Every structure is written in C-alpha cells, then in structure tokens.
Amino acid sequence: MEEKKIKGNFIKTIITEDLERGKNDGRVITRFPPEPNGYLHIGHAKSICLNFGVADEFNGRCNLRFDDTNPAKEDQKYIDSIISDVKWLGFDWGDKIHYASDYFENLYDYAVELIEKGKAYVCTLNADQMREYRGTLTEPGKESPDRNRPIAENLDLFKRMKNGEFEDGAYVLRAKIDMASPNINMRDPVIYRIKKMSHPRTKDKWCIYPMYDFTHGLSDALEGVTHSLCTLEFQDHRPLYDWLLDEVSAPCHPQQIEFARMNLNYTVMSKRKLQKLVEQKFVDGWDDPRLPTIAGIRRRGYTPAAIRNFCNAIGVGKRENRIDVGLLENCLRDDLNEKAPRVMAVINPLKVTIANWNQENCNSEQKNDDKSQQETSCGSTLKIESLEALNHPQKPEMGTRQILFSKHIYIEKEDFMENAPKKFFRLAPGREVRLRYAYFITCKEVIKDENGEVIELICTYDPATRGGDSPDGRKVKGTLHWVSEEGSIPATVRLYDRLFLNEDPEADRDDFTENLNPDSLVTLKGCRVEKSLANAEPEKVYQFERLGYFCADSKESTPEHPVFNRTVTLRDTWAKVNKK
RNA sequence: UGGGGCGUCGUCAAGCGGUAAGACACAGGAUUUUGAUUCCUGCAUUCGGAGGUUCGAAUCCUCCCGCCCCAGCCA
C-alpha cells in the first residue's frame, strides 16, 4: 500500500516485546469483530486499519469475524454491507470469513466443561431479581439461591435449555465467580440465555445463545488470535476474559489490549445517534454523503487511501479524543490532489459575451494552428474554437483534453465584483483577467436586470493571448475558470458542509439534532460542467478547478441529468482573508 | 464515597532517567495560467498541580486535582 509506515504506538510496542520474548512462537494474529447490527462508520475504520495494519506489519493475519451472538438485533444485510465496506477500504482477510456462530458447538461444550468443574450454574432469577442480587457500585451483591445447585442438575437443566424445553427468560447459565467482586462483571455474569429465535446463519438450530463475554475470548482462542484489540470500555471485562480462558481447556490464551475509540468533531458516531438521524429523516439514508458512515463518505467521494492515511495519522492511544475533521479533509485533499483529473465547471454561472469574437477571427486564426483548423466550426454563425487543457498541471503524464471556447461563455458569479477592492484579483469593470487555457479578457460593460442584479458581462478578448500567455509579457493577477455555452452541459451540484454547527453536537442542547447545520446540503440546479463530464463514472473524483473536488453521485446521476457531490473544497486562503 | 482507565502545544501524538519528535491548525515569506499544489521560516525553557529521590525527572516515589468507563438475560 502506498501509505507510509504505521507510526509507533503502545500496541506495537507490546507486540514487539512479545515477539522479542518469543511469545506465541512469533505469530501475530488479530481480528476485526463487528456485530452485524448496524453499518460501519469511520470509527470502525480506525479499528480496521489498526487490526489489519498491525497484522500486516508483523507478517501476521487478521480475521474478519462477525460476533453474531444476538439474533434479536442482527441481520444478514448488515453482514453484507460490512463485508463490502471492509473490502472497499482495501483490506484482505484471506479466504475465510469467520463467525462466532460457527463456534456455537464448541462454545456449548466449554459451557458444559465449566458446569462440570462447578464453575457455572443454571439460575432461575429473573432480570429484575438479578439486578437486585447484583448489588451496586459500592455494595457487594448477594448470592443467587441457585448458586449451589448440584452439578448434575445444572447439566440436566442446561441441556434442557438447549433442547428448547423452557421459555425465554426462564433460566440463564451463569459463571460462578464472586458476587462480592468490586468489578461488577465478575459477579456471576450470565453466559448463556434462552432466545427462541431464528439466527441469520444457524437458523433454528439453537434456542440458547452465548453472551458476548463468553463468546468473544473463546472465539479468539479458537482462531489462535494472539492480540485481541478492543475499545476502552472493555477494560473492566478483561478479568472475565482471562478467567474464562483459564477455566476452560482453550487452545491458547490471547491477550486483550484496549485502545481509545475515535471521535470526530462536527459529527456523531454512535449507532444510536446515527440511527436517529436516518430514521427521523434528518439525512437521506445510511449512505447520505454527510454521514460519517463508510457508505456515506464513499458516496461523498472519499478514497480508501485517504481514510487509511487518516487512521494512521491520528495514532492510537488510550485517551479520550476528538479529532479535528480538518485533519480528515486534509488527508483527503492530499490523496485527491495526486489522483484527481482537473476539469472546469461553473456552479453559479454568470453569462459573459465576448464582443469582439466574430466570424473574422476564424479566418485569420486558422492559418497557423492545426487543431483549431480541424475543430473550428466556421459555419454560418459563430466560431467555436478548441483549446488544449492539461488534465493535471503537475502530472503531464495524465494528458490533455480539448475544451471549447466561443462567443458566449460562463464564469462564476463570485468572480465578478462591480466595486472591487485592489486585492480582488478577479473580474471587475475595466479589469483584465485570464480565462484558464484560453484568453485574456477585459470587462467592458455590465448588464443588469430591473432589480439591479448583474446578469451579463460584455468583455473583449485579446487574440494574441491564446492559451493564456501574453506575448508582450503583460501580467494579469487573476485566472478564472470558465465554460462555454457549446462546451458545457447543465448539471446539478450538491454542496455538502459539516452536519453540525458545534464541534461537539452534544453541547448546549438537550437534543443533539437541534445543533444540526441547516446548510449542510445546498443543492445548485443551474450549473454548467465541461461536456466530457456527461459520462463521469460514479464515485470517480474530479477537481473542478478553483472550486474543489467533486464526483458523480452513485445513486442519482445519469448522463441526461448529471448530479455531482462536492467531496471537499480546495483550501481557500482568499475566503479566509476575505472574512477578516 | 467500590472498581477500572486517562491527563505532554489549539487538535491528535512520540517520548520509557540524560535535558520536549512529527502531523494538522496557526503566522510570515518564495514560486505559481487553480488566491490550489509545492517550497522555505516561525510556533511547548515545558509535560494537570504540589512535594520528594537523583549530578540529572515528562519519565521513579508520595499526596492532591480534573476527566472518562462500569450496576443489559447488548456488544
């Protein structure tokens, strides 16, 4: 992969030390273990990049494993979308996708083993009673009346739970640890519950399902995982993770290491909040380009490489953090600046008529220019000239393309100002600017409508500046992008901005949706884009020169009605200076 | 007020007893047919606070302060 080496972090330090001590015979196996109950977001990308990245760097392996132990919440559609997202990010998990449900049989056997050792028992306490017996943060819990049920009875009951003899909630299997533990996770945690429910993969085979704590560590062990990386909130579960692995005849004892999850400013990351935005239609589905979901940022035009570089740039630690989206955008621009072909588009068109562009020019210019001779149409009406433009000024190998110039063109409304300050390097009455790859033009006349709004500019061009260079060495401060009537097609452009007004969407309000940015999506209908963009491939990002990076929308763009999403703007120091 | 974590530049983050990396942001300047890119330059005498150990501490010890997580038959 093209990105730089992953920089040092505490996890790599641990692994390096393990390797030096000869632990795990030099193997490094990690896993990415999503529960298929939602869509992946950029926070997951951090975990994915970490797990796959570390495995890759130490010549190990990373398993993609679905933690599918709760059929009440899980669904095949999530499995499918997660697979597609991880693949899109560019990671490879070999030939096998793992599922915790593949281990249900082994897990059941481990549970029986625990019961036989007197380390687990079937409990009849219901949920409310269980809560009561658990105690509080400061007081120890009470032992369940079933805690000392004879082993044989536990074995029998557990088997009957499995056989479907009892209703949901009638019994649970609990590990027998310590009801007085200061760590609540060790107060005889439930490890199996009855759920008479069909599972996306095992269908109706099981009516008891193992809990996360019981499943996770043992699945890790079954896969030979050496380093089990998870987020901070599982730190309190580690003693249970270790206890289980020690009490049961597991093939190995993986090491759980916790790291801080990523938070991004101006957005939300929790499943619950994302779901609210989607369900209450604040956004248009899980792949809305404003969302931090993988599907969303992909549709927005983000590239896998940009996300990988970003995940590498933010590092891995154990502190709470809120990363500046600016860093993400910067990683994106870095990647896009390299790869995106340049093109011209005018999103707020202002008509410009070139007064001295006429039939006569046609004859005089044709003599000494092959291209214009071939492609110029000197029909009965007006001349259309074809000019050469670079697809990437810094990368000649990306080639050139022809763009059409004619009497009627469009420039950006923003690029004209009637009473312009000296620092405004663009068009104003009497001022001369360069039209990129075309000619120098001078503004001669401003036409307004009845409301006083500028609707058209009459300019003259200098034929000697063809291509944008002036033979007399005359300088011009501004270069504008443009598009001609004949060389462009209409398009819709959607301008996306941050979803929230506050860095922390939670701030100041009871309901985070009150902090939503009302201008997070601005749809522009009357835009004009270079003709070549009619068949732009969805998700392929172009730089619209001087505006930003854009890609055709994968869902709504058609050759008849192109729709472009703004991926990210260009850095704009003028806008910044102008604001001051 | 039980337990588990965390506190180094505006935001991330290296550092692991030898005298504060890097990235983004920010501020200047150069080049530029994108006010883009690129390129220079600057940006923590100080590591949550106070003591202590040491020739020497962000790194070791003590106390204090602040923030996060845990009482699902969720993961």
Side-chain angles (χ1 to χ4, degrees), chain A residues 7-10 13 33-35 37 67 69-70 72-74 123 125-127 130-132 134-141 168-174 181-187 189-195 209 211-213 215-216 230-239 258 260 262 265 271 312-324 326-331 333-334 337-338 342 344 389-390 392-394 423-426 434-438 440 465 467-470 476-481 503 543-548 569-578:
Chain A
K7 57 185 195 180
N9 61 53
F10 78 100
T13 304
E35 183 193 12
N37 70 343
D67 258 352
T69 58
N70 187 356
K73 297 185 173 177
E74 296 153 9
C123 183
L125 256 31
N126 65 34
M130 187 95 66
R131 194 174 310 120
E132 249 182 74
R134 191 155 31 224
T136 68
L137 294 178
T138 51
E139 301 155 32
D168 287 14
Y171 291 100
V172 292
L173 182 69
R174 295 227 256 167
S181 171
N183 181 345
I184 293 182
N185 294 302
M186 299 300 269
R187 320 240 260 231
V190 171
I191 56 179
Y192 261 96
R193 74 293 216 189
I194 300 171
K195 265 185 201 290
Y209 293 95
M211 298 288 288
Y212 164 84
D213 283 310
T215 309
H216 200 85
C230 63
T231 43
L232 253 27
E233 66 271 28
F234 292 103
Q235 286 175 118
D236 291 343
H237 295 241
R238 192 175 53 223
E258 311 85 9
M262 163 178 67
N265 62 10
K271 228 169 251 180
N312 185 210
I314 61 174
V316 182
K318 300 187 78 163
R319 323 173 195 154
E320 289 295 318
N321 57 73
R322 180 165 21 251
I323 315 275
D324 188 346
L327 180 58
L328 210 210
E329 293 172 345
N330 187 70
C331 291
R333 290 191 188 102
D334 256 5
N337 179 45
E338 288 287 310
R342 267 107 246 235
M344 291 200 282
L390 265 19
H392 190 130
Q394 281 80 41
K423 285 292 210 176
F424 185 79
F425 302 154
R426 308 180 185 184
R434 170 169 38 236
L435 292 181
R436 177 143 242 226
Y437 300 125
F440 284 14
T465 57
D469 289 306
S470 55
V476 101
K477 268 179 283 184
T479 298
L480 308 187
H481 61 277
E503 263 196 67
Q543 186 193 102
F544 288 3
E545 290 207 51
R546 302 210 310 133
L547 294 175
T569 59
L570 251 25
R571 191 185 275 126
D572 191 351
T573 40
W574 164 245
K576 228 182 314 186
V577 170
N578 206 21

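Just the heavy atoms: all of them, side chains too, but no hydrogens, waters or symmetry mates, feed the values below. Quick note on labels: first sequence line is chain A, next is B, and so on, each numbered from 1. Just so it is clear, the model here is predicted, and its values are computed rather than measured.
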Which of the following nucleotides, [options], is nearest to the side chain of [X]?
X: Trp574(A); options: A75(B), G35(B), C73(B); result: G35(B)
X: Asp236(A); options: C69(B), A25(B), U38(B); result: C69(B)
X: Val172(A); options: C73(B), G35(B), A25(B); result: C73(B)
X: His237(A); options: A75(B), A71(B), G4(B); result: A75(B)
X: Gln235(A); options: U34(B), A75(B), G4(B); result: G4(B)
X: Lys73(A); options: C74(B), A13(B), C24(B); result: C74(B)
X: Asn70(A); options: C74(B), U34(B), G2(B); result: C74(B)
X: Arg131(A); options: C70(B), G7(B), A71(B); result: A71(B)
X: Pro182(A); options: G2(B), C73(B), U11(B); result: G2(B)
X: Asn321(A); options: C74(B), C69(B), A13(B); result: A13(B)

Counting only side-chain N and O atoms of [X], is one of them less than 4.0 Å from OP1 or OP2 of [N]?
X: Lys195(A); N: C74(B); value: yes
X: Thr479(A); N: U32(B); value: no
X: Thr69(A); N: A75(B); value: yes
X: Arg134(A); N: C73(B); value: yes
X: Arg319(A); N: A13(B); value: yes
X: Arg193(A); N: A75(B); value: yes
X: Arg187(A); N: G3(B); value: no
X: Arg342(A); N: U37(B); value: no
X: Lys576(A); N: C26(B); value: yes
X: Arg333(A); N: A36(B); value: no

How far, in whole Å, is [M] from [N] if one measures between their [atom1] atoms?
N: U59(B); M: U46(B); atom1: P; answer: 15 Å
N: A58(B); M: G48(B); atom1: C1'; answer: 12 Å
N: C61(B); M: G2(B); atom1: P; answer: 22 Å
N: C43(B); M: A20(B); atom1: P; answer: 14 Å
N: G52(B); M: U45(B); atom1: P; answer: 23 Å
N: C16(B); M: A57(B); atom1: C1'; answer: 12 Å
N: A27(B); M: G49(B); atom1: P; answer: 28 Å
N: A23(B); M: C73(B); atom1: C1'; answer: 46 Å

Could you tell me if Lys271(A) and Asn37(A) have a donor-acceptor pair between their side chains, going purely by distance under 3.5 Å?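 There is such a pair between these side chains.
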
Could you let me know what [N] is paired to, Watson-Crick or G-U wobble, both distances under 3.5 Å, or none if it's on its own?
N: C60(B); result: G52(B)
N: U46(B); result: none
N: C39(B); result: G29(B)
N: G7(B); result: C65(B)
N: A20(B); result: none
N: A75(B); result: none
N: G2(B); result: C70(B)

Using a 4.0 Å heavy-atom cut-off, does [X] contact any base of the nucleic acid, only the sugar-phosphate backbone, or nothing at all?
X: Tyr437(A); answer: base
X: Pro239(A); answer: nothing
X: Asn37(A); answer: nothing
X: Met211(A); answer: sugar-phosphate
X: Phe440(A); answer: nothing

Has the side chain of [X] got a donor or acceptor atom sitting under 3.5 Å from an opposite partner on the base of [N]?
X: Glu139(A); N: A71(B); answer: no
X: Gln394(A); N: U38(B); answer: no
X: Asn183(A); N: G4(B); answer: no
X: Arg426(A); N: G35(B); answer: yes

Separation of [X] atom [atom1] from [N] atom [atom2], in whole Å?
X: Asn9(A); N: A21(B); atom1: CG; atom2: C1'; answer: 15 Å
X: Glu320(A); N: U11(B); atom1: CD; atom2: P; answer: 14 Å
X: Lys477(A); N: G35(B); atom1: NZ; atom2: C1'; answer: 12 Å
X: Asp67(A); N: A75(B); atom1: CG; atom2: P; answer: 8 Å
X: Asn126(A); N: G72(B); atom1: CG; atom2: P; answer: 13 Å

Which atom of [X] lies closest to which atom of [Y], heavy atoms considered:
X: Gly135(A); Y: Arg187(A); value: C-NH2, 3.8 Å
X: Phe440(A); Y: Ser470(A); value: CE2-CB, 3.7 Å
X: Tyr209(A); Y: Lys195(A); value: CE1-O, 3.3 Å

His481(A): side-chain hydrogen bond (donor to acceptor under 3.5 Å, both in side chains) partners, not counting sequence neighbours: Glu412(A), Arg546(A)

What I'd like to find out is whether the side chain of Met130(A) reaches to under 4.5 Å of the side chain of Glu132(A), using heavy atoms alone. no

Quick one: does Thr569(A)'s side chain get under 4.5 Å of Glu329(A)'s, heavy atoms only?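 Answer no - side chains too far apart.
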
Could you say whether Phe544(A) or Phe10(A) is positioned toward the 5' end of RNA chain B, judged by the nucleotide with the nearest heavy atom to each?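 Result: Phe10(A).
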
Does Thr136(A) or Leu327(A) map to a spot on RNA chain B nearer the 5' end, using the closest nucleotide for each?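 First, find each residue's nearest nucleotide; the 5'-ward one identifies Leu327(A).
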
One thing to verify: whether Lys73(A) and Glu35(A) come together as a salt bridge, which I'm taking to mean a side-chain N less than 4.0 angstrom from a carboxylate O. no

Side-chain donor/acceptor of Glu139(A) to backbone N/O of Thr136(A), under 3.5 Å: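 Side chain of Glu139(A) to backbone of Thr136(A), a donor-acceptor pair under 3.5 Å: no, none is there.
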
Strictly distance-based, threshold 3.5 Å: is any side-chain N or O of Arg342(A) a donor or acceptor partner for the main-chain N or O of His392(A)? no

Torsion-based syn/anti label for G72(B), 90° from 0 as limit: syn

